[in-house]
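Both ligands and their constituent atoms are indexed starting at 1 by order of listing. Heavy atoms only: backbone and side chains are in, while hydrogens, waters and symmetry mates are out.
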Amino acid sequence: MIIDRVEAIPYTIPMRKPLHFASGEVHEMGHVLLRVGTTDGIVGVADIPPRPYTYGETQPSVVAVIEKVFAPILVGADPLDRARVHARLHRTVGNVTAKAGVDIALWDILGKSLGVSVHRLLGGFTDSLRVSHMVGFASGPQMVAEALEYNELYGVEVFKVKVGRRPLRLDVDACRALREALGPDVELYIDANRGWTAVEAMEVLEATHDLGLTFFEEPCDAAEILGRRRLVAHSRIPIVADESASTLGDAARELTTGGASALSVKTARTGFTQSAKLLGLAEGLGIEVIMGNQIDSRVGSTASVVFGAAFEHSSRRAAELSNFLEMSDDLAATPLRIERGRMVAPSTPGVGVDIDEEKLARYRLDQRVA
Ligand code: MUC
Ligand code: MG
């Protein structure tokens, strides 16, 4: 089996409701659908979400790096030679979501060729994950209304609250309103996407100490080394590295130098192979992991649940899997449900996503075949 075709298809699907956070906002999902075809007729699929404010990638840059740099490496290669392919891809720096997409597509080919779900191939630890919903910036009452809706409709009992880069009091009040509306048993944690300084983040920790928050993600820029170390050293709750730990090396540095005490793992940027290494690192160091959301589509969220549910260490905490529900539509033909606060990992061969060709034709911006 040889790879004979690589397609990087840019598409855009509007959001029903835009998502706002400290480092940016998303009004439409301008993603890239990756398809890697083989001589056996098997096609590996992955969704790639460019996030310029996080990794510097854009929709055209993802298409370009795949067509010009990665496709020449992939076409002619055996998809089972994954380590060799990765070694060649990693000669190119950056482009984390493009590389992750390639990895997921190769695993999809592997699963489909064996007739086994990637969830089982990876480890198959549990069938489903508890879901955490990420609530974007809005007024306190709007954030409360959104959380209550997800609680009532989908049974979600864990919420990540977006904070940072707006008057600190607004965020603290929103967290307080959420705690009061949702009661003491719902889990709440916050993510500032580097929106504060380390000193401001310390103030937030103090102002929210009675709210029972469980994690504080990217409170400030990890480059504020000493301030951040001080924060990690003094915080009662784990400080989560998200965008500061988008590679294995970055994660190792942040965790071992006191820049973070927990890790967000996102298949959208580390695929399955690198995510498994991150998980091993976290487990070995004895720190907790949250399966994070890159504002993923249904296709991307499927990859996340497939991976998260495959291992014990990634299935302990609720995984951020619900924001695809804010898209006005999706390329996936396969449903992805959240019921009683949980999402089930697909058991069909491969990652478990079928693409709706009619929808792809409707939302694609162009057709490019390398
Ligand atoms: C998150 O956890 O930060 C927002 C930007 C991004 O890259 O991911 C999202 C969610
Ligand atoms: Mg984050």
Side-chain angles (χ1 to χ4, degrees), residues 15 17-32 47-59 61-62 94-101 131-138 143 146 158-166 171 187-196 201 204 213-222 228 237-247 250-251 254 259-271 275 278 282 288-297 300-301 303-304 308 314 317-327:
M15 300 284 280
K17 185 168 86 57
L19 186 74
H20 297 269
F21 41 97
S23 56
E25 53 192 59
V26 174
H27 293 264
E28 53 182 28
M29 302 287 251
H31 290 192
V32 177
D47 192 43
I48 302 177
R51 297 283 171 256
Y53 31 75
T54 314
Y55 311 113
E57 294 171 291
T58 62
Q59 196 179 37
S61 85
V62 166
N95 294 285
V96 288
T97 66
K99 287 175 187 164
V131 173
S132 162
H133 177 64
M134 178 163 69
V135 184
F137 277 181
M143 292 169 82
E146 178 174 327
V158 184
F159 295 92
K160 171 157 109 173
V161 185
K162 287 301 207 180
V163 293
R165 212 178 290 278
R166 64 179 192 171
D171 285 327
E187 181 178 343
L188 294 174
Y189 57 107
I190 54 178
D191 181 2
N193 284 109
R194 298 159 280 143
W196 285 317
V204 172
L213 303 180
T214 48
F215 293 101
F216 193 172
E217 189 167 313
E218 296 295 1
C220 55
D221 198 320
R228 176 105 166 202
I237 57 175
I239 302 293
V240 184
D242 175 10
E243 52 266 44
S244 62
S246 59
T247 66
D250 287 347
E254 290 306 314
S261 42
L263 203 56
S264 170
V265 173
K266 296 182 174 178
T267 52
R269 70 174 170 226
T270 40
S275 293
L278 283 170
E288 291 202 73
V289 154
I290 301 169
M291 289 307 299
N293 190 317
Q294 199 59 72
I295 319 172
D296 296 305
S297 65
S301 303
S304 246
S314 50
R317 287 283 170 183
E320 298 162 10
L321 294 166
S322 56
N323 291 85
F324 72 91
L325 292 165
E326 285 155 8
M327 291 172 71

Counting non-hydrogen protein atoms only, what is the nearest one to [atom]? Give residue, atom name and distance.
{"atom": "atom 7 (O) of ligand 1", "value": "Gln294 NE2, 2.3 Å"}
{"atom": "atom 5 (C) of ligand 1", "value": "Phe21 CE1, 3.4 Å"}
{"atom": "atom 10 (C) of ligand 1", "value": "Asn293 O, 3.2 Å"}

Check which protein N, O or S atoms are less than 2.8 Å from the Mg ion (ligand 2) and report how many there are.
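Count of protein N, O, S atoms less than 2.8 Å from the Mg ion (ligand 2): 3.
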With atoms numbered from 1 as shown, which atoms in ligand 1 lie under 4.0 angstrom from a non-hydrogen atom of [X]?
{"X": "Thr54", "result": "5 (C), 6 (C), 7 (O)"}
{"X": "Asp242", "result": "1 (C), 2 (O), 3 (O)"}
{"X": "Asp191", "result": "1 (C), 2 (O), 3 (O)"}
{"X": "Lys160", "result": "1 (C), 2 (O)"}
{"X": "Met134", "result": "10 (C)"}

Rounded distance [0.5 Å steps], CG in Leu263 versus CE in Met291
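One finds 10.0 Å between CG of Leu263 and CE of Met291.
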Once rounded to the nearest 0.5 Å, what's the spacing between atom CD1 of Ile48 and atom NZ of Lys99?
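Ile48 atom CD1 to Lys99 atom NZ measures 12.5 Å (nearest 0.5 Å).
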May I ask which of Lys162, Arg269, Arg194, Glu25 has a heavy atom nearer to atom 1 (C) of ligand 1 than the others do?
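The nearest heavy atom belongs to Lys162.
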For a 4.5 angstrom cut-off between non-hydrogen side-chain atoms, does [X] reach [Y]?
{"X": "Val204", "Y": "Val163", "result": "no"}
{"X": "His133", "Y": "Asn323", "result": "yes"}
{"X": "Ser132", "Y": "Tyr189", "result": "yes"}
{"X": "Val289", "Y": "Arg317", "result": "no"}
{"X": "Met15", "Y": "Met29", "result": "yes"}

When Glu243 is tested against each of Arg51, Arg194, Arg269, Lys266 for side-chain hydrogen bond (donor to acceptor under 3.5 Å, both in side chains), which residue passes?
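Only match with Glu243 under side-chain hydrogen bond (donor to acceptor under 3.5 Å, both in side chains): Arg194.
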Would you say [X] has any N or O atom under 3.5 Å from an N or O of ligand 1, going by distance alone?
{"X": "Glu243", "result": "no"}
{"X": "Tyr55", "result": "no"}
{"X": "Ser23", "result": "no"}
{"X": "Asn193", "result": "yes"}
{"X": "Glu217", "result": "yes"}

Hey, is Lys266 one of the residues with a heavy atom under 4.0 angstrom from ligand 1?
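Right, Lys266 reaches ligand 1.
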Test item: Arg228 side-chain N/O and Asp221 main-chain N/O as donor-acceptor pair under 3.5 Å:
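Here the side-chain-to-backbone pair does not exist.
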Check: Asn193 side chain, Gly195 main-chain N or O, donor-acceptor pair, under 3.5 Å:
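Side chain of Asn193 to backbone of Gly195: no pair is present.
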Electrostatic pair Glu217-Lys162, nearest N-O below 4.0 angstrom:
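Judged by the 4.0 Å cut-off on N to carboxylate O distance, Glu217 and Lys162 do not form a salt bridge.
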Tell me, please, which residues at least two apart from Thr247 pass side-chain contact (heavy atoms from CB on, under 4.5 Å).
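With sequence neighbours excluded, Thr247 shows a side-chain contact (heavy atoms from CB on, under 4.5 Å) to Val96, Asp250, given in chain and number order.
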Answer with yes or no whether the side chains of Ser244 and Glu254 bring together a donor and an acceptor at under 3.5 Å.
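No, no side-chain donor-acceptor pair sits under 3.5 Å.
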